[in-house]
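Heads up: the structure comes next, in structure tokens.
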Amino acid sequence: MAEITAKNQITAGGPIILIQIDNEYVQYDSSGGNPGKAGYFADLQKALRKKGVVIPTTYNDPGMNGNFVSGEGKVDLYGIDSYTGGFDCRIGAPLTSVTTNYYQYHVATNPSQPLFIPEFQSGSIEPWGPTSVGYERCRITFASDYESLFNINLWANNVKMVSYYMAYGGTSWGHIPFHKVYTSYDYGAAIAENRWITPKYQELKRQGLFLRSAKEFITTDVVGNSTDSAVVPVSNSDVYVTYLKNPTTGAGFYIARHTDSTSNSTVAFKLGINTSSGTIQVPASASGITIPGRRSQITVTDFAYGSSRALYTTASVLFAGSVGSRDVLYLYGEPGIQYEAAIKFSGSPTTTNSNVASPAASVHGATLFKIKPSTSGLTFIYDSSRLIVVSSTSVADTFWSPAITGSGNYASFWSFGSTSAVLVWGPHLVRDAELQGSKLSITGDLQTASSTDITIIAPANLSSVSLNGKPLAVTPSPKIKGLLTAKYSSSKRSVKLPNLSSGWKYFDSLPEIKQTSTYPAYTWPVLDPAIEETDEFFEFPANSLLAGQNVLTILHDNMGLNETNDWNAETSKSPRGIRGYKLQGADTKFDLWKVQGKLGGYTDYPDKTRGVLNEGGFYAERAGYHLPALPSSVTNTWASRSPAQGLPTSSPGVGFFRKQFTLDIDSSLDAALSFNFKDVGSNPHWRATLWINGWTMGRVVGDMGPQFKFPVQEGILNYDGNNVVAVAIWSLEPGAVKVDVSMAVDAVVEGGIGKVGVVGATSTWKPRTGLV
């Protein structure tokens, strides 16, 4: 890792600016824990430096505990993790309050460093079980209003660096997850497990674009808050306001929320603000500044956009900067709420929609505009060198501001090598933009079977625009230079999926219980039978025991290991399975125990492509029957049987089902696909494992849930060729187990990222030995 980091750190032209030493560790030895923690951190940092890593080291304290701020093993940049929203996504779960003492802790702990939150909660884990509500419900619990309140509360505490856990959670493939979570690690994140953007993403995008635009916010001091009316006068005690100020430029940021941060009411207030023209009470044209629900609101003063400054605005800022030779400020808000902005223009400005933005008065030489956002589109206020854009929040969600690659060693780094951008409205997603002279090339995604109105603000000399390589017929505005409009029509292009109801081959994956001469002799390692720790009692079924020697076969499913607690590394070694055994009611003991898990254990496993955590201990896995290169000469001897037909008998057992299928999805489309399990039998007591092209992509517990839908990405799936799906179904109790397995298209857009290579496509298969 050190060598890779050294090659890609920012001093070598790469993107890495920090390296984290370890995760949520403790510095000093604690009672019952392992010694040498501080020395361990010191040794790791020495090793990194020896390998040429020169960027600062960092660390995430699991709370406000002061670990590794100073003393042995201290890091260059200290950070704290913060999970303040709780981990209960159920409807009616109690709301939590924002943390209010980040800033005070920072001043007392490491004031010379930026206040850093390496992990800040933006969702929640979800446990196994029928009472689990699923990650879509978590996306509601930790929705955009949560992001507005809790994320921006960090800004009010002068946090300058933050990483959200999670922006994208993804999939815990293989045997990665610990026992409290299932395969999906969606986490209710802003980007869903299937990579689709959600309303949470739009809020996060709006916050990110503001921070990218508001360069003066990088260095602010906390001046005070509304508990001192002499510093921050507020007319309503139900509102709490923090005032931050850039000490060099004087730009001000007033961040408001409910005093009771669990309140969801709509509240209005008057605010006294400090500006370069003196103290002003705002708003001047409305009864108050409105906070619509459990959210934050920001009023900026003496705010820079390009070479210009706005005296103040109570509307939210989405973009501030220069596009070509024009200074651009993008304001947005909610329909039905009146905002205002005081901005200096050259002469009398023009507005394209006076119902949305209309001049009300003059304030200290600036024109005061009453702003009433509308969902109908964009409104422009402009003079010869300034352009103010106004829209509703929903219209702002269609806005993108791709950075234009600059020059030099840091060409792709905003504010270092890249400081210019174009503005685009309309596409589902804008991935990139390239400006070469007067030609603009945009890469992005658009909804299929629809017509998309596209608006672009770019340098005035722009002569041609292309979208995903296709020329756009743009219409320049006759009055606003650099403003262009176009219409993009996407054809109706469907994604055809294979029918998974037939074409399966079946293999009995529990040969260990068969008493036949064809089953090889046991060659499993011996397990020491001396332990007799027991806490469960099982009664042998009637007539199951024979006179003389008997064989007991136990099939065990490992649901994952414990996490390592920072005070005791032994916790992750807590064993799973049978820890003890004793025969009751008979004067006899077990003669011999043998055990078999994954083939090759943790060092000699055969599939080096998919790694040590991909395979488990089912016979079919040990044989490699889940791998895509398995020859048909092996499966030709198997029975034809589908998961929906179930296991051949109603007895407990393990059935392995395998099917080949083909996908033919055009590389100009981005499709989110999933595999879905539906219980169609009479016995709910079953478990299942899903493999796609050899990768373990899902584990199901039929009578527990909650996950029965498994997104699988391109790269695991071959969107342009052959694929193999395999399913192991384990029936735990007598009764017919039947499971319908199907595929679904969850979303599709035109654009995408082109053809994606398949990981493990060239892996081979050969017969494995030592299976039993």
Side-chain angles (χ1 to χ4, degrees), residues 1-30 33-83 105-106 109-120 159-170 172 176 178 185 218 408-417 561 563-573 602-603 608 611-613:
M1 183 190 73
E3 291 86 351
I4 296 173
T5 302
K7 292 177 182 178
N8 292 278
Q9 58 193 333
I10 193 168
T11 54
I16 304 175
I17 61 172
L18 294 171
I19 183 166
Q20 184 173 310
I21 296 301
D22 205 316
N23 178 66
E24 296 182 343
Y25 217 61
V26 295
Q27 186 172 16
Y28 297 107
D29 304 332
S30 54
N34 294 329
K37 293 181 172 64
Y40 160 69
F41 255 52
D43 289 345
L44 284 177
Q45 293 180 78
K46 289 177 183 177
L48 289 171
R49 300 307 184 210
K50 188 176 181 179
K51 294 291 186 179
V53 177
V54 299
I55 53 175
T57 59
T58 188
Y59 151 79
N60 55 328
D61 198 338
M64 298 181 185
N65 305 311
N67 287 299
F68 299 106
V69 176
S70 60
E72 185 181 14
K74 76 179 185 69
V75 293
D76 298 319
L77 177 60
Y78 168 77
I80 57 172
D81 287 354
S82 182
Y83 289 83
Y105 175 75
H106 174 245
T109 305
N110 62 325
S112 63
Q113 301 174 358
L115 178 45
F116 179 30
I117 310 289
E119 290 183 27
F120 186 74
V159 171
K160 296 307 180 189
M161 298 175 64
V162 62
S163 176
Y164 295 111
Y165 197 101
M166 306 289 292
Y168 175 68
S172 294
I176 289 176
F178 85 129
Y185 204 68
I218 295 173
N409 292 335
Y410 306 105
S412 299
F413 292 78
W414 182 258
S415 80
F416 291 100
L561 299 179
E563 290 184 305
T564 299
N565 292 329
D566 51 15
W567 56 88
N568 188 350
E570 296 299 314
T571 55
S572 61
K573 301 176 184 178
Y602 286 91
T603 56
K608 302 301 183 183
V612 65
L613 294 174

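FYI, side chains are in, hydrogens and waters are out, and symmetry mates aren't considered; it's all heavy atoms of this structure. What you see is a predicted model, and the numbers here were worked out from it, not measured in a lab. Start at 1 with the first residue, then count along the sequence.
You'll find the side chain of I80 reaches within 4.5 Å of the side chain of Y105, heavy atoms only. Contact annotation: the side chain of T5 never approaches that of L48 to less than 4.5 Å [non-hydrogen atoms, C-beta and beyond].
Within the 3.5 Å criterion, the main-chain N or O of V75 finds no donor-acceptor partner in the side chain of T57. Side-chain atoms of Q9 come within 3.5 Å of backbone atoms of V54 as a donor-acceptor pair (strictly under, hydrogens ignored).
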Distance-only criterion, 3.5 Å: show the donor-acceptor pairs between side-chain atoms of residues 111-120 and protein atoms not counting sequence neighbours.
| unit_1 | atom_1 | unit_2 | atom_2 | d |
| --- | --- | --- | --- | --- |
| Q113 | OE1 | Y78 | N | 3.0 |
| Q113 | OE1 | N110 | ND2 | 2.9 |
| Q113 | NE2 | D76 | O | 2.9 |
| E119 | OE1 | Y83 | OH | 2.4 |
| E119 | OE2 | N60 | ND2 | 3.1 |

Acceptor/donor pairs from residues 62-73 side chains to any protein atom, 3.5 angstrom cut, sequence neighbours excluded:
| unit_1 | atom_1 | unit_2 | atom_2 | d |
| --- | --- | --- | --- | --- |
| N65 | ND2 | D61 | OD1 | 3.1 |
| N67 | OD1 | Q27 | N | 3.0 |
| N67 | ND2 | D61 | OD1 | 3.2 |

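Distance check: I19 CD1 to N8 CG gives 11.0 Å after rounding to the nearest 0.5 Å. The distance from the CE atom of M161 to the CG atom of L77 is 5.5 Å, given to the nearest 0.5 Å.
Looking at every heavy atom in both residues, F413 comes nearest to I10 through CE2-CD1, 4.3 Å. For the pair R49 and I55, the tightest heavy-atom approach, listed with the atom from each and the gap, is NH1-O, 2.8 Å. The two atoms that bring A12 and A6 nearest to each other are CB-O, 3.9 Å, heavy atoms only. Across Y59 and Q20, no two heavy atoms sit closer than the pair CA-CG, 4.1 Å.
For K608, the NZ atom counts as densely surrounded, since its 6.0 Å shell holds more than 12 non-hydrogen atoms of other residues, nucleotides or ligands.
Side-chain atoms of Y40 and D22 form a donor-acceptor pair, as typed in the model, at a separation below 3.5 Å.
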